[in-house]
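Just so we're clear, the structure is a prediction, and the values are computed from it rather than from any experiment. Chain letters run A, B, ... following the sequence lines, proteins first and then strands; every chain starts at 1.
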Protein chains: 2
Amino acid sequence: MATASNAGTTAPPSAPKGRGRRGTRASGDDRERAILETAERLLEERPLAEISVDDLAKGAGISRPTFYFYFPSKDAVVLTIIDRLVADAAEGREEILTTLAENGPRAGLRKSLENLYAAFRSRPGVVRAGSDLRPTNEEARDLWGAVMESWVADVTAVIEFERSRGAAPAGPPAREMAIALVQMNERAQYATLLGEAPSLDRDRVLDVLIDIWLRAIYGTPEPG
Amino acid sequence: MATASNAGTTAPPSAPKGRGRRGTRASGDDRERAILETAERLLEERPLAEISVDDLAKGAGISRPTFYFYFPSKDAVVLTIIDRLVADAAEGREEILTTLAENGPRAGLRKSLENLYAAFRSRPGVVRAGSDLRPTNEEARDLWGAVMESWVADVTAVIEFERSRGAAPAGPPAREMAIALVQMNERAQYATLLGEAPSLDRDRVLDVLIDIWLRAIYGTPEPG
DNA sequence: GAACTCTATCAACACTGTGTTGAGAAGGTC
DNA sequence: GACCTTCTCAACACAGTGTTGATAGAGTTC
């Protein structure tokens, strides 16, 4: 939900202005796809900073100037890929409030988060590229900000609902708590995904995060 | 504590190998200081990516090749600055276990964290530069990893102590919880410092973070 | 005070990467 | 066959990094 996206799955029929190819529809769709595929492949091999426009062009079997016919910059390619990844993640997402009601707090949260992170876990290189892009690219910042915002909104709703039905005690404003918890998840998941210095083991992250969420929201690790 | 650092406060007498100037001691100390000061100033004005070696050289009143006499690269300048910032932050830090014992959990935590973040809050540009550097610079990653690690170690000790004296209930391994909590703080503080998309207000961050810490560690926002 | 040494300085160069220009080829249409 | 439109790339112009080599000056040393 939320979030902009000018990227259908592969061939959008309407106006592809902004990031995509600059002309209109045509057969060179293959080239465009080749560039995107090359980028995805290379990103799982090495960081964005070590991939040049020339690498992408070569990988797609075209010259560098021709690359610029399809994309205005290297960043645009990565943003397109991230757009799609985010769309994939959003697609696999279910109504968290429903999941929680059906499975109870602990199992429900677990299911929701597992679901949410599934798409990201399968393409760490793309996630890293998105993160690397933020310092220099405002569009990347905005895109990720919108993603975070939609999660925060969901979590805020959950906290408010649980409080209203008496399952969770009062505490700091729900939105503030939601922001901090979502930020913790982002940071922890990212660190684990990339195997950073101090980080949680891949098979422990979720358990630990969920425990903290439950204690923070319900005051106990085993609510209801 | 912990953490490497080849930077005294201004003029280290011993071997300055690694980052600093490459020769030995001499009067060109002024130049070196001028470069560092220029970098600190410019970093509060614009992001690292928009500052060139030439900008630093010009700001210090020297030519670009001369810059390379003092520092091997732009990154080295920033790393030196960060080294010092981290040292400043470590200096103002008190034994957290003591602070907690003297002030009680809530007030003690607050005091410790306020103390810890004071140095960072005064130089957001430097913090941002450090963060921007991580994707491309391993030394920056390692440096920050070491800082995180020392905080994690402290927090782990606190959690274990509180559990051992019966003030905190059992839960996930102390170190795992400490990692997640420290990561949350890092992310939340950074987002607030830079005014990111969804982030907590400057005057609310600590309250919210502390509340989550207390609930996560003690099971209640107002422990004994 | 000439020979020597070490710090400090920079013009000129070599290189890597980005993005642009302008001239076409290849195909479809009327 | 004149005429768009898509697509392609050699050649260029730039911005930035890091290196070379020559040299100025200050400080010993004898």
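- The separation between A/R33 atom CZ and D/dC7 atom P is 13 Å, rounded to whole Å.
- In this entry the distance linking CZ of A/F67 with P of C/dT18 reads 9 Å, nearest Å.
- Side chains of A/W213 and A/N185: a donor on one and an acceptor on the other come within 3.5 Å.
- Put simply, the side chain of B/T192 never gets that close to the backbone of B/D201: no donor and acceptor are under 3.5 Å apart.
- Rounded to whole angstrom, the span from the CD1 atom of B/I51 across to the C1' atom of D/dA15 amounts to 16 Å.
- One can place NZ of B/K74 at 9 Å from C1' of D/dG16, the figure rounded to the nearest angstrom.
- Put simply, B/R64 has no side-chain N or O that comes within less than 4.0 Å of OP1 or OP2 on C/dA12.
- One atom, CD of B/E50, and another, C1' of D/dG16, lie 14 Å apart when rounded to the nearest Å.
- Regarding contacts with the backbone of D/dT8, a side-chain N or O of A/Y70 is found under 4.0 angstrom from either OP1 or OP2.
- In the set D/dT19, C/dT9, C/dT18, C/dT9 carries the atom at the smallest distance from any side-chain atom of B/R31.
- Within the nucleic acid shown, A/T66 comes within 4.0 Å of at least one base atom, counting heavy atoms only.
- Proximity note for A/P65 (side chain, C-beta onward) versus C/dT20, D/dT8, D/dT17: the nearest is C/dT20.
- The nearest whole Å value for the distance from the CZ atom in B/F69 to the C1' atom in D/dG18 is 16 Å.
- Of the residues listed (A/D83, A/I82, A/D88), the one engaging A/V86 in a side chain to side chain contact (heavy atoms under 4.5 Å, CB included) is A/I82, and it is the only one.
- Rounded to whole Å, atom C1' of C/dG19 lies 13 Å from atom CG of A/D54.
- In this structure, the NZ atom of A/K58 is 16 Å from the C1' atom of D/dT8, given to the nearest Å.
- Salt bridge annotation for B/R123-B/E44: absent, with no cationic side-chain nitrogen under 4.0 angstrom from a carboxylate oxygen.
- When atom types are taken as modelled, the side chain of A/K74 and the backbone of A/I51 share a donor-acceptor pair closer than 3.5 angstrom.
- Contact annotation: A/Y68 does not reach the phosphate of D/dT8 (side-chain N/O to OP1 or OP2, under 4.0 Å).
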